Amino acid sequence: MARFLIGATIVRDLPEGRAVARIVETEAYLPMDAAAHSFRGKTARNRTLFGRRGHAYVYYIYGNYYCFNVSAEAAGVGAGVLIRAAEPLRGLEGMRVRRPGARDRDLLRGPGRLASALAITRAEDGLDLCAAGPLWLAAPLAPRAEIVTSRRIGLTKEVDRLLRFYERGNPHVSGAKNAG
DNA sequence: AAGAAGATTCGCT
DNA sequence: GCGAATCTTCTTA
């Protein structure tokens, strides 16, 4: 699913209007993956990871930021895909309001920035992303560029697993230095 | 009940 | 390139 979501569209309704973006970077968090929030079992915070696939799992991190994930397996199995970066397509005004001073290129570049620009918080946790609503996803339409595989970013466990995916050369991908 | 770590970002050197 | 900021959640005592 992490691969599939590259090129998919995020549709988010903000007070300023509808924001649309194209996913360019994701990471997979598998069952039996010590780096995954689901690894130690279901809790109040991560319960949507254990629900049906295609629902929003949003968590708060470092006292400042939210990260937006998509639950990725059948009910009862804990797994998800972190949406790390996207390319803004429409409704940039609403995103700019939430990321003052940022260049357009950086509006959705990085998981914390993406959630901030699209106003995604714990309030959106559990939303069905395959149904009409304030936040949903549309499958990729156009042919996609080459997808690169790499190590995941910012982890202290399972650091060698190749579970990050991004479009080669896309300027909206986070951490240029992390290209490997 | 207390403490440590965390799927990040930004500013400063 | 490095370290602080900031607070929630989970683990351990």
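Chain identifiers are assigned alphabetically (A, B, ...) following the order of the sequence lines, protein sequences preceding nucleic acid strands; residue numbering begins at 1 within each chain. Since the structure is predicted, the reported quantities are computational estimates derived from the model, not experimental observations.
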Do the non-hydrogen side-chain atoms of A/P111 and A/L82 ever get within less than 4.5 Å of each other? yes
Could you check A/A44 against A/Y65 and say which one's nearest nucleotide on DNA chain C is further toward the 5' end? A/Y65
Phosphate contact (B/dT9 OP1 or OP2) by A/R109 side-chain N/O below 4.0 Å: no
Output the rounded distance in Å from CG (A/L82) to C1' (B/dT8). 11 Å
In whole Å, I'd like the distance from the CG atom of A/L108 to the P atom of B/dT9. 11 Å
Would you indicate which nucleotide in C/dC10, B/dA7, C/dT8 comes nearest to any side-chain atom of A/Y60? C/dT8
Residue-phosphate contact under 4.0 Å: A/T156 side-chain N/O, B/dG6 OP1/OP2: yes
Taking the six-membered ring for Trp, are A/F68 and A/Y66 ring centroids under 6.0 Å apart? no
Between P of B/dT8 and CZ of A/R164, the distance in whole Å: 11 Å
Just the rounded figure in Å: distance from P of C/dC10 to OH of A/Y59. 13 Å
At 4.0 Å (heavy atoms only), tell me whether A/R99 reaches a base, stays on the sugar-phosphate, or touches nothing. sugar-phosphate
What nucleic acid atoms does A/G63 come within less than 4.0 Å of, heavy atoms only: base, sugar-phosphate, or nothing? base
Between A/R122 and C/dT8, is there a side-chain N or O to OP1/OP2 distance below 4.0 Å? no
Rounded distance in Å - CG (A/N64) to C1' (C/dT8): 12 Å
Wobble G-U and Watson-Crick pairs count when both distances are under 3.5 Å; given that, what is the 5' to 3' dot-bracket string of DNA chain C, with | for pairing to other strands? |||||.||||||.
Report yes if the side chains of A/L114 and A/R99 come closer than 4.5 Å at any heavy-atom pair, otherwise no. no
To the nearest Å, give me how far apart OH (A/Y66) and C1' (C/dT6) are. 12 Å
Do A/I120 and A/R12 have side chains that get closer than 4.5 Å, going by heavy atoms? yes
Base, sugar-phosphate or nothing for A/R45? Non-hydrogen atoms, less than 4.0 Å. sugar-phosphate
Indicate yes or no: at least one non-hydrogen side-chain atom of A/I10 is less than 4.5 angstrom from one of A/L135. yes
Nearest to the side chain of A/I61, which nucleotide is it out of B/dT9, B/dA7, C/dA5? B/dA7
Heavy atoms of other groups near A/R122 CZ, more than 12 under 6.0 Å: yes
Length of the line joining A/I153:CD1 and B/dG6:C1', which is rounded to integer Å: 16 Å
Side-chain heavy atoms of A/R161 within contact of A/L30, under 4.5 Å: yes
Would you classify A/Y62 as touching base, sugar-phosphate or nothing, given that sugar-phosphate means primed atoms plus P, OP1 and OP2, and contacts are heavy atoms under 4.0 Å? base
Can you confirm if the aromatic rings of A/Y59 and A/H37 lie within a centre distance of less than 6.0 Å? yes
Length of the CZ-P vector between A/F39 and C/dT11, whole Å: 11 Å
